[in-house]
Amino acid sequence: MDWSQVAWYAARASGLVAFALLTTSVCLGIVLSLKWRTLALPRFVTNEVHRFATILALVFTLFHGVALYIDPFMKFTPAEIAVPLAAHYRPLWVGLGVTAAYLMAALYASSWIQRWIGFAWWRRFHYLAFAAYLAVVVHGLGSGSDSQATWAFYIYAGSVFLVAALLAARLLSPDREGRRAFAPATVAGVGLLLLGGWAFSGPLQPGWNQTANYGHGTGSRLPAPVVASSLPLPFQSTLQGRYQRQGSAAQTALQYDTTLSGAPGGSMQVRLIGQTQTGNRLVVNDSTVVLRPSGSGPVCTGSVTQIQRSTMVAQCATQSGDQVQLQIVVQVDADGNVTGTVDGSRL
Ligand code: HEM
């Protein structure tokens, strides 16, 4: 296993652990508000575990950010990890993770200032925990490479089911005056249906990467283009680099990490994700192509649209408006060395 694989596994594992800890924290928070307690589990213990799960979720979020930063394939800059919507990869969905991380830190820190702001304001602020939780669910599904794996589906569905069941118990139990919170319960129910509808029509569908990177719903929220120049089109370059195959048969990722000689220079990464079938055949259900020209040329991001033996056809777009078709021909030797060519033309 090489460095890029370690970083990729670490980023996904730490994200999922942070999510499990956040689920624990949110569930314990609702249990605390339900005032369920036993002699074996007095309130201060539940409270301490609730706070500990939150801080641990933040620690794993930090690992998650560091793992993404050191991943040589994704090449995230510190600003992309720290600033919502700044990421070159699935900007909106990654941005929700960044926002949730800040919100989680603020919720944790709010207990330090509770005595100055008063319990009522602290409590109102604390309701934002649901926004942070929802943002993380959407972030994980929208930006994770495992969202379409069956095991990942059970993790997300199990967590949402637990939180929704506890929330229903909380909102539909009578308060001291015997009132039940039907209106918030209805809003939560509608939210749950919308979340399910979005998940099944978006991240759980093949080709989500294309949508998540440019399509409807993300493009309009991107900051104004900062790159003025455009790609020199058409171009023809030779490429060389490394190839690696990682993951299990159920979730395989093939990665081509190459540098280009001749215009536009720079580097090109291709990642194919899918299932390995008999005969080592990969059924691709998601892909990413990132072409980074040398100098100040604009980054072109997209996905593979067609694969035939050693030829891949991809489409990518730059923030300065270039729509590019790439024809990539690769040969891989037994040691994982890649050579080949890439032709770029305007779409
Ligand atoms: C600094 C803020 C964050 C950034 C920049 C960030 C970025 C990312 C990126 C780029 C991915 C895709 C990784 C891949 O599968 O290749 C991802 C996935 C994920 N993130 Fe985050 N994230 C952040 C915060 C969080 C937080 C706060 C949580 C949970 C508490 C979280 C949970 C997850 C989960 C569950 C996945 C899916 C992992 C998988 O599919 O295996 N992230 N994140």
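Order of appearance sets the numbers: ligands from 1, and atoms from 1 within every ligand. Since this is a predicted model, take the numbers as computed values, not measurements.
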Item to check | Partner of Asp257 by side chain to side chain donor-acceptor pair (under 3.5 Å), out of Arg242, Gln244, Gln269 | outcome: Gln269

Checklist entry - Can Arg12 be said to sit on top of Tyr9's aromatic six-ring, NZ or CZ under 6.0 Å from centre and within 45° of the ring axis? => result yes

Next on the checklist: Is it true that Ser159 and Tyr133 share a donor-acceptor pair across their side chains at a distance under 3.5 Å?
Outcome noted: yes

Item to check | Pairs meeting criterion side-chain hydrogen bond (donor to acceptor under 3.5 Å, both in side chains) with involvement of residues 52-71, two or more places apart | outcome: Ser25-Thr54

Checklist entry - So which heavy atom on Leu272 is nearest to which on Ser287, and how close? => result CD2-CB, 3.8 Å

Ligand 1 N/O to protein N/O, distances under 3.5 Å:
unit_1, atom_1, unit_2, atom_2, d
ligand 1, 15 (O), Ser145, N, 2.8
ligand 1, 15 (O), Ser145, OG, 2.5
ligand 1, 16 (O), Trp8, NE1, 3.1
ligand 1, 16 (O), Ser145, OG, 2.9
ligand 1, 20 (N), His64, NE2, 2.8
ligand 1, 20 (N), His139, NE2, 2.8
ligand 1, 22 (N), His64, NE2, 2.9
ligand 1, 22 (N), His139, NE2, 2.8
ligand 1, 40 (O), Ser145, N, 3.4
ligand 1, 40 (O), Asp146, N, 3.0
ligand 1, 41 (O), Asp146, OD2, 2.3
ligand 1, 42 (N), His64, NE2, 3.0
ligand 1, 42 (N), His139, NE2, 2.9
ligand 1, 43 (N), His64, NE2, 2.7
ligand 1, 43 (N), His139, NE2, 2.8

Checklist entry - Given the side-chain rings of Phe119 and Trp122, with only the six-membered ring counted for Trp, is the space between their centroids under 6.0 Å? => result yes

